[in-house]
Amino acid sequence: MTNEDLASSYLHKSIVRRKALQIYRDDQSYSDVVRERAIAAADAALNLAKSVIKTEE
C-alpha cells in the first residue's frame, strides 16, 4: 500500500463519515456524544486527506 493509497482510503472514509454525521445533525438524531465537534473533526480529516493526495501528485 502506497501513501497515496492510504490517503485515498482515508479520504473515502472521511467523506462517508461526514455524510453520516450530517444526516444525524440534520435530523437532530444524535446522542450527546455526537456534536458539531464530530463534524468539525470529520472535515479536518477530509481536508488533511485531500492535502496529502495533492502533495503526492
Partners of I15 by side-chain contact (heavy atoms from CB on, under 4.5 Å), sequence neighbours excluded? L11, K19, L46

With S8 via side-chain contact (heavy atoms from CB on, under 4.5 Å) - residues at least two apart: E4, I53

Nearest 0.5 Å, what's the OG-CG distance between S51 and L48? 4.5 Å

